[in-house]
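All heavy atoms count here, side chains included; hydrogens, waters and symmetry mates do not.
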Amino acid sequence: STLILIKVTNMPKSHPKCTMLDLMAIDPAISSESRQLVMSRILTAYSTKETVNIGYDKESHSDSCTGGDRMRVHRVG
């Protein structure tokens, strides 16, 4: 699958493990159903100008980063 990149308002300025902090990434390794759910939440929020919380791992766990050291999106809600 393809790596999906998103720009987030109030993007974190630092991370103990991820080095590319300009965009966050939806991991291509997650199931297509999960990718569709995350994308539908993001696109709905964007089109309705709704604020959503983007969950990511602010620590340095093994699954903190994806796609060339970008912060991995864990949830959208």
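Each of S34, S32, P28 was evaluated against I30; a single residue qualifies, S34, per the side chain to side chain contact (heavy atoms under 4.5 Å, CB included) test. For the side chain to side chain contact (heavy atoms under 4.5 Å, CB included) test with I6, the passing option among L23, V73, V38 is V73; the others fail.
Closest approach of K58 to P16, counting heavy atoms only: O-CD, 3.4 Å. Closest approach of T66 and R72 over heavy atoms only: CG2-CB, 3.9 Å. Contact detail for G67 and L3: the closest heavy-atom pair is CA-CD2, 3.6 Å. Taking both residues in full, the closest heavy atoms of R35 and T2 are given as NH2-O, 2.5 Å, listed atom of the first, atom of the second, then distance.
Every pair tested for side chain to side chain donor-acceptor pair (under 3.5 Å) that includes a residue from residues 4-14 fails, sequence neighbours excluded, so the list is empty. Contacts classified as disulfide (SG to SG under 2.5 Å) and involving residues 4-74 (residues at least two apart or in different chains) are given here: C18-C65. Applying the side chain to side chain donor-acceptor pair (under 3.5 Å) test to residues at least two apart or on different chains, the pairs with a partner in residues 37-56 are N53-R75.
Remark: H74 NE2 to M24 CE distance equals 8.0 Å, nearest 0.5 Å. Separating the CE atom in M11 from the CD1 atom in I54 is a distance of 10.0 Å, to the nearest 0.5 Å. We find the CG-CD1 distance between L37 and I26 to be 10.0 Å, quoted to the nearest 0.5 Å.
Here the side chains of D69 and K17 are not in contact, with every heavy-atom distance at 4.5 Å or above.
With hydrogens and angles ignored, the 3.5 Å screen pairs a side-chain donor or acceptor of H15 with a backbone N or O of D57.
M20 and I4 fall into different hydrophobic clusters, where Ile, Leu, Val, Met, Phe, Trp and Tyr side chains are chained together by heavy-atom contacts under 4.5 Å.
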